[in-house]
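Everything on this sheet refers to the single structure shown next.
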Amino acid sequence: MGLVVIRVEINGALLAWARERSQVPFDALVHKFPKLEAWESGETSPTLRQLEQFAAATHTPIGFLLLSDPPIVQIPIPDYRTIGNATVARPSPDLLDTLFECQQRQEWYQNFAVSNGEGPLAFVGSLTVGSDVITAAATIRTALGFDLGERGFSWGDAFARLAEQAELLGVLVMVNGVVGANTHRKLDPDEFRGFALADTYAPVVFINGADTKAAQIFTLAHELVHLWIGESALSDTTVATDSSVEIERWCNQVAAEVLVPLAAIRAEFDPTTGLTGELDRLARRFKVSTLVVLRRISDLGALSGADYQAAYRAELERVMALVAGRSSGGGNFYNTQPVRTSKRFTRAVLTSTLEGYTLYRDAFHMLGFKKLSTFNELAQRLEVG
């Protein structure tokens with residue numbers, strides 16, 4: 001007698017929901033699951049094994065597929081992202097998985113900080129939205145030690161400096177271009193560039209590492225402003241137009257002033273030279289993107305609204321063409337891994353594990369690898385133990 005095949009009766013609409021939400025190409029899923037259309041129509045049903053494989057392929061918790069109707073999955077922090085002043089619809093599994101992973105790390109570090117007698121961080125929530133932009137920016141820039149002479153020789157130097165200074169203040173800065181360690185799940189900068197998880201013991205900033213380094217600098221500055229006002233957020237860090245959301249508009253203004261003080265750009269900008277050359281020169285000077293420089297030139301009153309929008313579109317097209325022509329390598333694992341999970345967080349997990357307070361299994365899970373040899377090498381390189 002042959003084995004009885006047990007199929008799982010599910011609502012086909014849930015499969016369609018998971019497929020669309022995953023953003024995996026339809027043809028790719030049909031190639032892997034030839035009967036997918038029949039499953040969605042209710043003509044037949046998948047086996048439990050097939051359902052598990054489909055859940056993995058679409059990055060969907062299998063419990064969702066067993067519900068009677070598609071769930072409404074919401075982002076657990078304020079979402080200020082907009083496209084043309086319209087709210088961004090349906091978060092991808094990549095965004096949600098990244099956000100949930102960062103929240104788990106934050107919860108662990110909260111407990112670690114309290115158990116080790118660390119006090120609350122006074123800067124978190126110390127500023128108020130709507131207060132003077134120049135004063136707020138000066139406060140943040142001074143606390144971070146990020147004046148013009150302290151930014152190094154490249155955008156990479158500047159970002160590393162800003163992230164390092166933020167971590168010294170107690171911020172867990174996590175930079176990753178993929179979901180966890182899965183190189184097949186690249187994060188899309190067009191969906192989100194970063195987010196902030198405010199907390200007085202374990203403030204977190206996540207930066208989409210798939211974005212350009214110059215763009216990452218502005219995103220980091222913007223998310224740090226969110227921590228200074230004590231507000232978690234999935235942010236709108238586009239400098240092209242003023243956000244329709246007051247908190248985002250103010251955070252953008254403060255971040256721009258932190259990186260490119262209006263007084264400094266007024267002194268540096270030469271309107272008698274070609275705009276493209278000036279954008280490149282000033283971007284190198286301030287270690288920001290040319291788009292941020294362009295916005296600050298507009299803030300000076302040197303470009304009208306229509307001229308600014310036309311110049312922005314032209315510069316964005318030029319920047320995207322330059323980015324498309326570049327390739328990036330994976331880098332050294334032991335250099336990139338602590339950056340992905342925050343050097344501060346990584347050192348804390350290594351220390352807690354070596355002292356016997358955290359299981360190696362849990363440490364491997366939080367840090368994103370599986371080998372003891374990797375753990376030991378990482379601890380040695382970070383001088384932990």
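Count residues from 1 along the sequence.
- The minimum heavy-atom distance linking L234 with G194 is given by the pair CD1-O, 3.6 Å.
- When atom types are taken as modelled, the side chain of R141 and the backbone of E257 share a donor-acceptor pair closer than 3.5 angstrom.
- At a threshold of 4.5 Å between non-hydrogen side-chain atoms, the residues L279 and I297 count as touching.
- Here the closest non-hydrogen pair linking I229 and C251 is CD1-SG, 4.0 Å.
- Using a 4.5 Å heavy-atom cutoff, the side chains of E246 and V129 are in contact.
- No single ILVMFWY cluster, assembled from side-chain heavy atoms under 4.5 Å apart, contains both V175 and L168.
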Legend entry - M174/V204 under side chain to side chain contact (heavy atoms under 4.5 Å, CB included): CA gap, chis, key distance, verdict: CA-CA 7 Å; M174 304 174 187; V204 171; 4.1 Å; yes
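- Without hydrogens or angle criteria, E191 side chain to S92 main chain gives a donor-acceptor distance under 3.5 Å.
- Between the CD1 atom in I75 and the CZ atom in F100 there is a gap of 8.5 Å [rounded to 0.5 Å].
- Looking at D132, its side chain never comes within 3.5 Å of a backbone N or O of A136 through a donor-acceptor pair.
- Smallest separation of non-hydrogen atoms from S45 and E9: OG-OE1, 3.3 Å.
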Inset, instruction - Could you please spell out the steps behind the salt bridge (Lys or Arg N to Asp or Glu O under 4.0 Å) verdict for R285 and D280? - result: CA-CA 9 Å; R285 172 79 171 104; D280 286 338; over 6 Å; no
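- Residues satisfying the salt bridge (charged side-chain N to carboxylate O under 4.0 Å, His left out) criterion with E231, sequence neighbours excluded, are absent altogether.
- In this structure, A348 and F112 approach most closely via the heavy-atom pair CB-CE2, 3.5 Å.
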Quick one: side chains of residues 59-69, donor-acceptor pairs under 3.5 Å with protein atoms, not counting sequence neighbours, listed by atom name and distance.
| residue | atom | partner | partner atom | Å |
| --- | --- | --- | --- | --- |
| T60 | OG1 | T58 | O | 3.2 |
| T60 | OG1 | T58 | OG1 | 2.9 |

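- Clustering ILVMFWY residues whenever any of their side-chain heavy atoms sit less than 4.5 angstrom apart, transitively, puts V288 in the very cluster that holds L148.
- Between the side chain of T336 and the backbone N or O of F333, at least one donor-acceptor pair lies under 3.5 Å.
- Heavy atoms from other residues, nucleotides or ligands lying under 6.0 Å from CZ of F153 number 12 at most.
- Between the T374 side chain and the K370 main chain, no donor and acceptor come within less than 3.5 Å of each other.
- Listed by first and then second residue, the salt bridge (Lys or Arg N to Asp or Glu O under 4.0 Å) pairs that reach into residues 373-385 are E377-R381, sequence neighbours excluded.
- Clustering ILVMFWY residues whenever any of their side-chain heavy atoms sit less than 4.5 angstrom apart, transitively, puts L359 in a cluster other than the one holding L372.
- Side chain of R161 to main chain of G145: a donor-acceptor pair is present (N/O by atom type, distance under 3.5 Å, no hydrogens or angles).
- Here the closest non-hydrogen pair linking A202 and L172 is CB-CD1, 4.4 Å.
- In this structure, V114 is not a member of the same hydrophobic cluster as L121, with clusters built from ILVMFWY side-chain heavy atoms closer than 4.5 Å.
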Show me the donor-acceptor pairs within less than 3.5 Å that the side chains of residues 31-38 make with the rest of the protein, sequence neighbours left out.
none

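- Annotation for Y334: atom OH counts as buried by contact number, over 12 foreign heavy atoms lying within 6.0 Å.
- A distance of 5.0 Å separates CZ of R19 from CZ of F26, quoted to the nearest 0.5 Å.
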Inset, instruction - Could you check F195 against T98 for side chain to side chain contact (heavy atoms under 4.5 Å, CB included), going step by step and ending with a plain yes or no? - result: CA-CA 10 Å; F195 54 78; T98 298; 4.2 Å; yes
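- A salt bridge links R281 with E278: the closest approach of a Lys/Arg side-chain nitrogen to an acidic carboxylate oxygen falls below 4.0 angstrom.
- Of all the heavy atoms in L187 and A210, the pair that sits closest is O-CB, 3.3 Å.
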Enumerate, atom names and distances included, each donor-acceptor pair closer than 3.5 Å involving a side-chain atom of residues 361-368, sequence neighbours excluded.
none

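- Panel note: side chain W155, backbone T212; no donor-acceptor pair is recorded below 3.5 Å.
- Under the 3.5 Å distance criterion, the side-chain polar atoms of Q216 are matched with a main-chain donor or acceptor of D211.
- For the pair L220 and V205, the minimum side-chain heavy-atom distance is below 4.5 Å.
- Under 3.5 Å, the side chains of D307 and S304 contain a donor-acceptor pair of N or O atoms.
- Here the side chain of R151 pairs a donor or acceptor atom with the backbone of F286 at under 3.5 angstrom.
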Inset, instruction - Before giving the answer on salt bridge (Lys or Arg N to Asp or Glu O under 4.0 Å), spell out for E248 and R81 the whole-Å C-alpha distance, their side-chain angles and the decisive distance to 0.1 Å. - result: CA-CA 9 Å; E248 286 301 279; R81 298 168 304 147; over 6 Å; no
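- Taking the side chain as every heavy atom from C-beta outward, L51 and W39 never approach each other to under 4.5 Å.
- The closest side-chain heavy-atom distance from S235 to F192 is not below 4.5 Å.
- Annotation: E107, atom CD; neighbour count of heavy atoms from other residues, nucleotides and ligands within 6.0 Å does not exceed 12.
- Salt-bridge annotation for R185 and D97: present, with a side-chain N of the basic residue lying under 4.0 Å from a carboxylate O of the acidic one.
- Between F345 and Y109, the ring planes are tilted. Angles from 30° to 60° get that label.
- In this structure, the side chains of T276 and R318 come closer than 4.5 Å at one or more pairs of heavy atoms.
- Listed by first and then second residue, the side chain to side chain donor-acceptor pair (under 3.5 Å) pairs that reach into residues 164-173 are E167-S342, sequence neighbours excluded.
- Ionic pairing of D299 and R266 is not present here: no N-O contact between side-chain nitrogen and carboxylate oxygen is shorter than 4.0 angstrom.
- A side-chain donor-acceptor contact under 3.5 Å links D188 to the backbone of D190.
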